[in-house]
Amino acid sequence: EAARQRHLNQDTEGEEAASAAPKSWKIRYEKSWLHRRCSSLLHSDRQARKGGQLFSGLLAMNVVFLGCAFISSMIFNRVAITLRDVCILLSILKILSLCWMVYYLLCTSRKPHAVLYRDSHAGPLWVQGSLVLFGACSILLSVFWIGYDGSRRHCKSQLEILFPCIDIIFICIQTYLIWRHCKDCTQVQHNLTRCGLMLTMATDLLLWLLAVTNDSVHREIESALKGLVQNFLGNETSPCRCPNTTACFIFQKGYILLYPFNPEYCLISSSMLYVMWKNVGRRIPPHQTIHARPKFKLRGVIVGLVLGIAAMFIGICVFMAYQIQVTSSGPRQVFVLYYSYYIALLPVMSMGALAGTVIHGLEERELDTVKNPTRSLDVVLLMGAALGQIGISYFSIVAIVATNSRGLVDRLILTYGVSLIIQHITQNIFIIEGLHRQPLVEKPEASPAEAPPQDSDPPRRVYPLEIEQIRRVSQTYINTYSHLNWKRKALKEISIFLVLCNIILWLMPAFGMHPTFENGLEKSFYGYSTWFAIVNFSMPLGVFYRMHSVGGLLEVYMSS
């Protein structure tokens with residue numbers, strides 16, 4: 001009996017040990033490094049994609065650093081490196097970029113299976129419209145440049161006239177390429193396409209950097225605001241003078257007026273080229289493809305539209321008064337008018353954005369967690385471009401507090417700086433929250449005429465043709481807007497109000513309204529050179545922020 005019991009105990013222990021041991025199909029053996037790197041085609045594809053992005057990114061980085069070295073040398077030593085040398089370098093980069101763009105349009109995009117997927121988020125209609133608008137203004141800017149240099153051809157070389165001609169060709173082909181292929185997810189010639197996109201983007205960034213650091217144009221704009229009579233790039237003491245004063249004056253004023261559009265065009269082109277670069281080799285799964293997107297409609301928006309139009313009208317009046325009175329003997333009154341308008345408008349925009357953020361939190365819409373390079377870039381650009389105006393505001397606040405200034409204009413500048421910082425932060429939060437929400441797409445409902453007849457339904461009355469059309473339009477409007485809850489209506493009102501406010505806040509500095517150059521407080525505190533560098537770098541970012549915010553707010557409006 002004892003032996004039998006021992007035998008049973010051994011069998012039981014053996015079964016428990018067997019049951020405790022892992023099964024063979026559950027055992028995962030550690031694979032070698034070579035097997036882990038080469039066994040999966042998908043993994044190899046990802047490695048190749050990362051390698052191509054790394055190589056093309058290094059190419060763009062070296063080109064940008066080389067161009068920055070040339071432009072910085074031109075700023076600090078105009079004898080060794082001149083503006084002509086910088087233009088030669090940029091012309092070479094433009095020609096190389098043109099060669100790739102023509103090759104992509106004629107060869108790469110026409111290959112079989114070149115574009116199997118398209119990113120529906122890339123290149124919204126208003127971004128493409130802004131690209132075309134600013135591109136047309138940049139082309140007209142180059143035309144004025146050619147006209148001005150052509151009127152002084154007796155003292156200008158043919159090479160200087162050739163620069164704007166190359167610029168016109170570059171802008172035309174680049175605008176067509178981005179307009180036509182901004183949504184492409186290219187599946188062939190990955191490395192060549194990535195390098196071409198990065199080279200073109202680096203060229204646009206260098207053009208933007210030259211535009212914001214070309215102090216000769218900014219000195220001319222400043223002298224024009226002060227009412228000084230001076231020829232552009234050649235005054236009365238210069239040996240190169242225009243024989244036709246009227247034509248030179250027209251070309252000069254046209255160049256100054258259109259000059260702010262060129263930096264904006266370069267920034268838009270760079271951002272869209274970056275999205276195209278991220279989409280090279282990208283394969284979009286079917287469940288991530290958006291089949292229906294909401295359309296932009298202004299019907300049903302009243303309060304936000306009226307308030308936005310009123311803000312734009314008042315802003316235009318302030319802008320006209322500023323341009324008229326800035327050359328008078330008492331410019332301090334114009335500063336009071338300018339800062340008072342901003343102090344009245346910015347808190348209202350901040351409260352609207354804050355209310356919209358609270359409504360986003362109360363909504364039941366799910367977050368959009370799908371990988372989206374366009375949305376990621378929008379967030380980075382919003383946060384990065386906002387640093388321009390926020391930086392200027394902090395520099396102004398420090399200057400006013402340190403000097404203990406108690407004048408009316410100084411107090412207005414201090415309030416303006418604080419209000420501007422708060423408005424940028426609240427608006428960024430509102431836009432980013434809205435961009436990460438799932439859009440609400442209306443499902444078309446069957447009209448009564450298309451509904452199948454029921455036996456229990458009473459016979460439908462037959463109306464005349466005109467009354468039937470009016471009835472259908474009214475029924476469509478009711479189906480579209482009667483069921484909108486208060487949260488969606490409020491989001492639409494807030495979004496359209498902020499859109500119009502950002503448009504007027506973009507127009508005012510874009511067309512030469514720069515009180516930070518003329519009030520003299522920060523200039524005397526930091527010194528002319530330091531303050532000029534701060535404002536010259538931050539002001540274009542602020543202008544770009546307003547324009548980019550319009551696109552983000554339109555996305556929020558449509559998704560609501």
_Audit row: Ile431, Ser549, side chain to side chain contact (heavy atoms under 4.5 Å, CB included) steps and yes/no_ = CA-CA 8 Å; Ile431 295 175; Ser549 298; 4.2 Å; yes
So which atom in [X] and which in [Y] form the shortest heavy-atom distance, rounded to 0.1 Å?
{"X": "Asp410", "Y": "Ile400", "answer": "O-CD1, 3.4 Å"}
{"X": "Ser350", "Y": "Gln423", "answer": "OG-CA, 3.1 Å"}
{"X": "Val348", "Y": "Ala344", "answer": "CG2-O, 3.4 Å"}
{"X": "Ile496", "Y": "Gly304", "answer": "CG2-C, 3.7 Å"}
{"X": "Ile432", "Y": "Met383", "answer": "CD1-SD, 3.9 Å"}
{"X": "Met312", "Y": "Ile504", "answer": "O-CD1, 3.8 Å"}

Keeping the roles fixed (side chain from [X], backbone from [Y]), state whether a donor-acceptor pair exists under 3.5 Å.
{"X": "Ser271", "Y": "Ile268", "value": "yes"}
{"X": "Tyr322", "Y": "Cys317", "value": "no"}
{"X": "Glu493", "Y": "Val303", "value": "yes"}

*Near Met61 CE, under 6.0 Å, is it more than 12 heavy atoms from other residues, nucleotides or ligands?*
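Atom CE in Met61 is packed in, count exceeds 12.
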*Cys68 vs Leu209, side chain to side chain contact (heavy atoms under 4.5 Å, CB included): CA-CA, chis, key distance, verdict*: CA-CA 8 Å; Cys68 290; Leu209 183 62; 3.5 Å; yes
*What do the steps show when you test Glu522 against Ser396 for side chain to side chain donor-acceptor pair (under 3.5 Å), and what is the final call?*
CA-CA 6 Å; Glu522 299 90 347; Ser396 300; 2.9 Å; yes
Any donor-acceptor N or O pair under 3.5 Å, side chains [X], [Y]:
{"X": "Tyr104", "Y": "Thr186", "value": "yes"}
{"X": "Ser270", "Y": "Trp208", "value": "no"}
{"X": "Ser142", "Y": "Asp167", "value": "yes"}

Beyond-backbone contact of [X] with [Y], side-chain heavy atoms, under 4.5 angstrom:
{"X": "His360", "Y": "Val556", "answer": "yes"}
{"X": "Leu553", "Y": "Asn502", "answer": "yes"}
{"X": "Trp531", "Y": "Phe395", "answer": "yes"}
{"X": "Ser269", "Y": "Leu131", "answer": "yes"}
{"X": "Cys185", "Y": "Gln187", "answer": "yes"}
{"X": "Cys172", "Y": "Ile139", "answer": "yes"}
{"X": "Trp100", "Y": "Leu199", "answer": "no"}
{"X": "Leu98", "Y": "Phe170", "answer": "yes"}

Quick one: [atom1] on [X] to [atom2] on [Y], what's the gap to the nearest 0.5 Å?
{"X": "Arg546", "Y": "Leu541", "atom1": "CZ", "atom2": "CG", "answer": "13.0 Å"}
{"X": "Leu345", "Y": "Tyr342", "atom1": "CG", "atom2": "OH", "answer": "8.5 Å"}
{"X": "Lys183", "Y": "Ile178", "atom1": "NZ", "atom2": "CD1", "answer": "13.0 Å"}
{"X": "Ser376", "Y": "Lys278", "atom1": "OG", "atom2": "NZ", "answer": "8.0 Å"}
{"X": "Leu307", "Y": "Ile494", "atom1": "CG", "atom2": "CD1", "answer": "11.0 Å"}
{"X": "Gln53", "Y": "Met198", "atom1": "CD", "atom2": "CE", "answer": "9.0 Å"}

*Give the ring-plane orientation class for Tyr416 versus Tyr338, where under 30° counts as parallel, over 60° as perpendicular and anything between as tilted.*
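Geometry flag for Tyr338 against Tyr416: tilted rings.
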*Would you please classify the geometry between the Phe544 ring and the His548 ring as parallel, tilted or perpendicular, with 30° and 60° separating the classes?*
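Judged by the thresholds at 30° and 60°, the geometry between His548 and Phe544 is parallel.
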*asked:* side chain to side chain donor-acceptor pair (under 3.5 Å) for Gln174 and Tyr265? Distances and angles first, verdict last.
replied: CA-CA 11 Å; Gln174 179 177 251; Tyr265 172 80; 3.1 Å; yes
*Between Trp179 and Tyr176, ring centroids under 6.0 Å*: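 They do not qualify: ring centres at least 6.0 Å apart.
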*What about Tyr255 and Phe144, are their ring centers closer than 6.0 Å?*
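Judged by ring-centre distance (under 6.0 Å), Tyr255 and Phe144 do not meet the cut-off.
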*Could you please spell out the steps behind the side chain to side chain contact (heavy atoms under 4.5 Å, CB included) verdict for Ile173 and Leu105?*
CA-CA 10 Å; Ile173 297 181; Leu105 292 172; 4.3 Å; yes
*asked:* What verdict does the side chain to side chain contact (heavy atoms under 4.5 Å, CB included) test give for Trp277 and Met272, after you've listed the backbone C-alpha separation in whole Å, the side-chain angles of each residue and the deciding distance to 0.1 Å?
replied: CA-CA 9 Å; Trp277 177 74; Met272 298 185 74; over 6 Å; no
*Go through the steps to decide whether Tyr545 and His424 satisfy the test ring-ring contact (aromatic ring centres under 6.0 Å, His included), and finish with yes or no.*
CA-CA 9 Å; Tyr545 172 79; His424 276 70; 4.5 Å; yes
_Would Phe134 and Phe261 count as a ring-ring contact (aromatic ring centres under 6.0 Å, His included) here? Give the steps._
CA-CA 6 Å; Phe134 295 149; Phe261 291 98; 5.6 Å; yes
